[in-house]
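First comes the structure, then the notes that go with it.
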Amino acid sequence: MIHSLFLVNASGDIFLEKHWKSVVSRSVCDYFFEAQERATEPENVPPVIPTPHHYLISVLRHRIYFVAVIQSEVPPLFVIEFLHRVVDTFQDYFGVCTEAAIKDNVVVVYELLEEMLDNGFPLATESNILKELIKPPTILRTMVNTITGSTNVGEQLPTGQLSVVPWRRTGVKYTNNEAYFDVVEEIDGTYTFDPVTKMLSWDVGKINPQKLPSLKGTMSLQAGASKPDENPTINIQFKIQQMAISGLKVNRLDMYGEKYKPFKGIKYMTKAGKFQVRT
């Protein structure tokens with residue numbers, strides 16, 4: 001299904017590639033770069049790009065394009081979901097999914113990709129199973145591997161593959177039986193900017209003052225470029241924990257098929273959707 005995977009940074013450079021069936025030349029990404037140049041925003045690049053001999057299916061996460069090369073027609077959402085699972089796995093292993101983190105752990109990255117796909121088809125994508133196959137990198141484990149020449153590959157098959165629930169290991173017992181469900185809402189940005197007062201206003205509705213949002217922003221600069229004097233483009237994200245901006249509330253939560261009576265909880269979160277702030 002998936003023949004190759006290319007990772008492209010914000011500067012348009014391919015900094016990592018992985019091939020499962022046969023080696024596909026980097027030149028196939030030229031079609032992706034052409035679509036990238038035509039797009040007005042980075043997230044506007046078409047997720048599916050047909051070429052004379054391949055299909056390019058991509059996702060943009062953390063300012064990195066994950067571009068999968070397909071030779072035959074497959075459900076695009078199936079490939080997109082797998083690419084998102086790859087990003088989530090990298091973030092789970094390394095804490096962040098950035099170009100620097102991937103380069104610093106390139107051996108683990110290739111080991112993970114080798115286990116997640118078998119001959120181009122998804123095999124192991126659950127975090128519990130992968131962590132038994134490939135041990136997460138630590139400073140101590142890295143030092144030991146450097147001295148002894150060993151790897152992070154586990155010596156035993158993961159017990160999670162024998163579980164009815166694939167993401168849960170077999171024989172797990174907890175002192176407390178709890179079940180939590182997340183209600184996540186996203187807000188796409190609409191804002192106004194007053195050039196006189198230099199104030200940008202973004203109306204997202206009524207917010208509880210006891211649950212103020214946490215705001216985090218990043219500024220993108222070309223490699224080697226000097227700091228801009230004015231009008232840089234800043235991407236901002238925010239989160240409001242334990243709050244649904246729409247006012248949605250869950251009145252009742254029932255669980256079936258379990259003999260025990262677990263504690264049931266609901267977690268609300270409002271986060272930023274697609275928007276951009278230009279100062």
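Being a predicted model, the structure only gives us computed values, none of them experimental.
- Here the side chain of Ser4 pairs no donor or acceptor atom with the backbone of Val69 at under 3.5 angstrom.
- Hydrophobic clustering, with ILVMFWY side chains joined whenever heavy atoms are under 4.5 angstrom apart, groups Leu5 together with Ile80.
- A donor-acceptor pair under 3.5 Å links the side-chain atoms of Asn9 to the main chain of Gly12, judged by distance alone.
- Criterion: ILVMFWY side-chain heavy atoms under 4.5 Å apart, direct or through other members. Under it, Ile64 and Phe82 are part of a common hydrophobic cluster.
- Taking the side chain as every heavy atom from C-beta outward, Val86 and Asp88 never approach each other to under 4.5 Å.
- The distance from atom CG of Leu112 to atom OG1 of Thr125, rounded to the nearest 0.5 Å, is 12.0 Å.
- Side-chain contact check for Phe32 versus Thr51: every heavy-atom pair is 4.5 Å or farther apart.
- Atom CD of Glu186 sits about 8.5 Å away from atom CE of Met269, to the nearest 0.5 Å.
- Cation-pi contact between Lys249 and Tyr268: present, with separation from the ring centre below 6.0 Å and deviation from the ring axis of at most 45°.
- In Lys21, the NZ atom is crowded: over 12 heavy atoms of neighbouring residues, nucleotides or ligands sit closer than 6.0 Å.
- Under the 4.5 Å side-chain criterion, counting only non-hydrogen atoms from C-beta, His19 is in contact with Phe6.
- Using a 4.0 Å cut-off between a side-chain N of Lys or Arg and a carboxylate O of Asp or Glu, Glu99 and Arg63 do not qualify as a salt bridge.
- In the hydrophobic clustering of ILVMFWY residues, with side-chain heavy atoms under 4.5 Å counting as a link, Val45 and Leu56 come out together.
- Between Phe66 atom CZ and His84 atom NE2 the span is 10.0 Å, to the nearest 0.5 Å.
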Could you walk me through whether Thr89 and Met116 pass the side-chain contact (heavy atoms from CB on, under 4.5 Å) test, one step at a time? CA-CA 10 Å; Thr89 301; Met116 296 183 74; 3.7 Å; yes

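- Side-chain contact between Tyr93 and Leu130: present, with at least one pair of heavy atoms (C-beta onward) separated by less than 4.5 Å.
- The local environment of NZ in Lys131 is crowded, with over 12 non-hydrogen atoms from other residues, nucleotides or ligands closer than 6.0 Å.
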Going through the distances and angles, do Leu123 and Leu117 end up as a side-chain contact (heavy atoms from CB on, under 4.5 Å)? CA-CA 5 Å; Leu123 177 63; Leu117 276 184; over 6 Å; no

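- No side-chain heavy atom of Tyr55 sits under 4.5 Å from any side-chain heavy atom of Ser72.
- Atom OG of Ser22 sits about 5.0 Å away from atom NE2 of His3, to the nearest 0.5 Å.
- Atoms CD and CG, from Glu126 and Leu133 in turn, are 12.0 Å apart once rounded to the nearest 0.5 Å.
- Counting only distance, with no hydrogens or angles, the side chain of Ser11 and the backbone of Asp13 share no donor-acceptor pair below 3.5 Å.
- Annotation: side chain of Pro122 is in contact with side chain of Phe78 (closest heavy-atom distance under 4.5 Å).
- More than 12 heavy atoms of other residues, nucleotides or ligands shown are found within 6.0 angstrom of CZ on Phe15.
- Contact check on Arg26 versus Glu17 returns a salt bridge, with a Lys/Arg side-chain nitrogen under 4.0 Å from an Asp/Glu carboxylate oxygen.
- In this structure, the side chains of Lys271 and Val184 come closer than 4.5 Å at one or more pairs of heavy atoms.
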CA sep, side-chain torsions, deciding dist, call: Cys97, Ile102, side-chain contact (heavy atoms from CB on, under 4.5 Å): CA-CA 7 Å; Cys97 182; Ile102 293 174; 4.2 Å; yes

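- A 4.5 Å side-chain heavy-atom check between Val183 and Lys267 finds every atom pair outside the cut-off.
- Taking CD of Gln36 as the reference point, atom CG of Asn44 lies at 11.5 Å (rounded to 0.5 Å).
- The only member of Ile57, Val79, Val74 that meets side-chain contact (heavy atoms from CB on, under 4.5 Å) when paired with Ile2 is Val79.
- One N or O on the side chain of Glu185 and one on the backbone of Ser246 form a donor-acceptor pair closer than 3.5 Å.
- Linking Ile, Leu, Val, Met, Phe, Trp and Tyr residues whenever their side-chain heavy atoms come within less than 4.5 Å leaves Leu16 and Val23 in two separate clusters.
- Between Ile49 and Ala35, the closest heavy-atom pair is CD1-CB, 3.6 Å.
- By the criterion of side-chain heavy atoms lying less than 4.5 angstrom apart, applied directly or through intervening Ile, Leu, Val, Met, Phe, Trp or Tyr residues, Val87 is grouped together with Trp20 in one hydrophobic cluster.
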Tell me, with the steps shown, if Cys29 and Tyr65 meet side-chain contact (heavy atoms from CB on, under 4.5 Å). CA-CA 11 Å; Cys29 292; Tyr65 290 99; over 6 Å; no

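- Of all heavy-atom pairs spanning Leu253 and Gly265, the tightest one is CD2-O, 4.3 Å.
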